[in-house]
Amino acid sequence: MPELPEVEVTRKGIAAPLLGARVLEVRLGKPLRRPLGCPPGALAGATLGEITRRGKYLWLPLAAPDGGLLVHLGMSGSLALLERAGEPGPHDHFDLVTDRGTLRLNDPRRFGAVSWSASLDDAPAAALLARLGPEPFDAALTPQSFHAALRARRGALKTVLMAGQAVVGAGNIYACEALFQAGIHPALRADALSRPRAARLLAALRATFARALDVGGSTLRDFSDAHGVNGAYQAEAAVYGRAGQDCRRCGGRIRRIVQAQRSTYFCPSCQRR
DNA sequence: AATGGCGCCTGAACGC
DNA sequence: TGCGTTCAGGCGCCAT
């Protein structure tokens with residue numbers, strides 16, 4: 001469900017209220033994608049530091065006992081910070097009970113994960129984060145470096161965007177939307193993209209993310225933020241989920257193709273190879 | 001080292 | 001109404 005903007009909106013919703021919170025208890029539901037990696041009881045008494053984000057991962061640092069939790073929301077996960085948490089529902093699989101409320105992970109498909117690591121430099125966190133490319137708004141990510149990263153890839157641009165090595169954060173929706181905004185065909189080979197067009201794509205991706213952050217991640221149909229509110233779908237996707245409908249820019253017909261077993265939506269006349 | 005394919009889960013929407 | 005099929009916002013790991 002969440003792409004980078006949604007994860008960042010989630011982080012913003014929980015970072016301040018949980019800073020300095022004391023862990024009282026950890027409750028687990030059904031198994032998630034990977035094991036917690038420590039006995040739940042071992043976290044009691046720890047104090048939460050400032051929650052950070054890397055790609056679509058959240059890092060919840062803990063002190064005394066030291067360590068942290070690396071959280072990924074997968075396809076269908078969402079976090080809510082509840083003042084008074086009721087009994088966990090059938091899809092609530094992780095509760096971090098603190099003296100400032102309960103941070104609850106709801107994840108019907110259970111592709112998400114919560115993993116304890118001694119630090120970001122230790123397993124499993126280090127290995128999971130090691131493969132990630134630069135953050136989209138990192139100043140070190142320039143049109144030049146982005147173009148260079150794309151030139152090292154032979155796959156289709158849309159697939160490469162989603163792989164997260166040239167830049168992190170784009171999922172299926174924002175990859176499609178950014179390519180539309182940049183006027184680039186999703187099946188164009190990454191290493192065939194000219195430098196000006198790479199610059200255009202980076203700008204489009206940043207604009208897409210910035211817009212989503214502005215509206216609080218509510219560009220996604222059923223996203224709900226850390227307070228459980230939202231879900232106000234903006235209905236502003238230009239191409240995603242619009243196969244067969246008219247392109248808002250040229251009036252042509254939006255097409256759906258499959259790339260790497262994922263749906264890709266694009267406008268054949270606005271987006272050129 | 002990059003690439004493509006598969007598996008992990010459940011629920012909603014759709015067609016018959 | 002019920003049943004089967006398809007699809008869904010993401011990784012990780014594996015073989016090549």
Side-chain angles (χ1 to χ4, degrees), chain A residues 1-10 29-35 37 53-58 70-79 89-94 105-115 123-133 148-179 187 189-191 205 208-209 211-213 215-225 230-244 256-265:
Chain A
M1 159 192 275
E3 302 186 29
L4 183 146
E6 290 72 35
V7 177
E8 177 61 15
V9 166
T10 297
K30 287 200 205 172
L32 292 163
R33 183 158 193 201
R34 52 186 67 250
R53 180 193 55 75
R54 179 75 176 93
K56 299 172 192 171
Y57 285 95
L58 291 174
L70 193 67
V71 179
H72 197 287
L73 301 178
M75 288 276 261
S76 58
S78 62
L79 284 171
H91 301 308
D92 296 328
H93 302 303
F94 175 85
L105 173 67
N106 180 274
D107 186 2
R109 293 177 73 180
R110 291 191 280 128
F111 289 171
V114 181
S115 313
L128 293 171
L129 301 182
R131 69 188 80 233
L132 301 183
L150 294 181
R151 279 203 315 198
R153 299 304 211 104
R154 304 150 165 275
L157 253 183
K158 191 263 192 165
T159 305
V160 168
L161 271 185
M162 286 185 65
Q165 299 196 257
V167 58
V168 293
N172 209 27
I173 294 183
Y174 294 127
C176 290
E177 295 298 314
L179 284 164
R189 269 175 56 147
D191 60 358
L205 186 68
T208 305
F209 281 160
R211 168 70 183 148
L213 286 164
V215 299
S218 58
T219 46
L220 299 198
R221 226 171 285 268
D222 57 3
F223 175 71
S224 67
D225 68 14
N230 240 347
Y233 182 48
Q234 299 292 307
E236 65 179 19
V239 288
Y240 185 83
R242 301 191 63 239
R256 171 186 180 267
I257 59 174
V258 174
Q259 296 180 285
Q261 297 132 242
R262 306 296 299 276
S263 290
T264 297
Y265 300 87

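A, B, ... follow the sequence lines: proteins, then strands. Residue 1 opens every chain. Keep in mind that the numbers below use all heavy atoms, side chains included, and drop hydrogens, waters and symmetry copies.
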- Query: Quick one: A:Asp107 CG to C:dA8 P, roughly how many Å, whole number?
  - Reply: 18 Å
- Give a yes or no answer on whether the side chain of A:Gln165 reaches the backbone of A:Val160 with a donor-acceptor pair at less than 3.5 Å. no
Identify each atom pair where a protein N or O and an N or O of nucleotides 1-5 of chain B are less than 3.5 Å apart, giving names and distance.
{"residue": "B:dT3", "atom": "OP1", "partner": "A:Arg154", "partner atom": "N", "Å": "2.3"}
{"residue": "B:dT3", "atom": "OP1", "partner": "A:Gly155", "partner atom": "N", "Å": "3.4"}
{"residue": "B:dT3", "atom": "OP2", "partner": "A:Arg153", "partner atom": "NH1", "Å": "2.5"}

- Message: Tell me if a side-chain donor or acceptor on A:Glu3 pairs with a main-chain N or O of A:Gly171 at a distance below 3.5 Å.
- Response: yes
- Item | Distance in Å, A:Gln261 CD paired with A:Thr159 OG1, rounded so as to fall on 0.5 Å steps | 10.0 Å
- Task: With sequence neighbours left out, write down each residue that passes side chain to side chain donor-acceptor pair (under 3.5 Å) with A:Thr208, or none if nothing qualifies.
- Result: none
- Query: Is A:Arg131 near enough to C:dC13 that one of its side-chain N or O atoms lies under 4.0 angstrom from OP1 or OP2?
  - Reply: yes
- Message: Is there a side-chain contact between A:Val239 and A:Thr264 in this structure, where contact means two heavy atoms from C-beta onward sitting under 4.5 Å apart?
- Response: no
- At what distance, to the nearest 0.5 angstrom, does NZ of A:Lys30 lie from CG of A:Asp92? 12.0 Å
- Message: Looking at every heavy atom in both A:Arg33 and A:Ala113, which two are closest together, and how far apart are they?
- Response: CB-CB, 4.2 Å
- Message: Let's see if you can work this out: which of C:dC7, C:dG10, C:dC13 has an atom nearest to the side-chain heavy atoms of A:Arg262?
- Response: C:dG10
- Note on the structure: Between A:Tyr265 and A:Cys176, the two heavy atoms sitting closest are N-SG, 3.5 Å
- Take the protein atom CD of A:Gln259 and the nucleotide atom P of C:dG10, then report the distance between them rounded to whole Å. 14 Å
- Note on the structure: Tested for side-chain contact (heavy atoms from CB on, under 4.5 Å) against A:Arg54, the lone hit among A:Val168, A:Leu70, A:Val7, A:Leu128 is A:Val168
- Query: Do A:Arg53 and A:Leu58 have side chains that get closer than 4.5 Å, going by heavy atoms?
  - Reply: yes
- Short side-chain N/O contact to C:dA8 OP1/OP2 from A:Tyr265, under 4.0 Å: yes
- Between OH of A:Tyr240 and P of C:dC7 the distance, given in whole Å, is 12 Å
- Whole-angstrom distance between C:dC14 and B:dC9, as gauged at atom P: 16 Å
- Message: Using the P atom as the point on both nucleotides, what is the distance between C:dC11 and B:dG11, in whole Å?
- Response: 22 Å
- Note on the structure: Output field dot_bracket for DNA chain B (Watson-Crick or G-U, both distances under 3.5 Å, | for other-strand pairs) contains .|||||||.|||||||
- Query: Given atom CD1 of A:Ile173 and atom C1' of C:dA8, what is their separation to the nearest angstrom?
  - Reply: 10 Å
- Item | Length of the line joining A:Arg242:CZ and C:dA8:P, which is rounded to integer Å | 16 Å
- Note on the structure: A:Leu58 atom CG is separated from C:dC11 atom P, nearest whole Å, by 12 Å
- Message: Measure CG/A:Leu32 against C1'/C:dG10 and give the value in whole Å, please.
- Response: 14 Å
- Message: Does the protein touch nucleotides 8-16 of chain B at the base, only the backbone, or not at all? Give it as B, S and - per nucleotide, heavy atoms under 4.0 Å.
- Response: BBBS-----
- How would you list, by chain and number, every residue that makes a side chain to side chain contact (heavy atoms under 4.5 Å, CB included) with A:Ala175, sequence neighbours excluded? A:Lys158, A:Leu161, A:Met162, A:Ala170
- Phosphate OP1/OP2 of C:dC11: any A:His72 side-chain N/O under 4.0 Å: yes
- Task: Quick one: list whatever passes side chain to side chain donor-acceptor pair (under 3.5 Å) with A:Arg154, sequence neighbours left out.
- Result: none
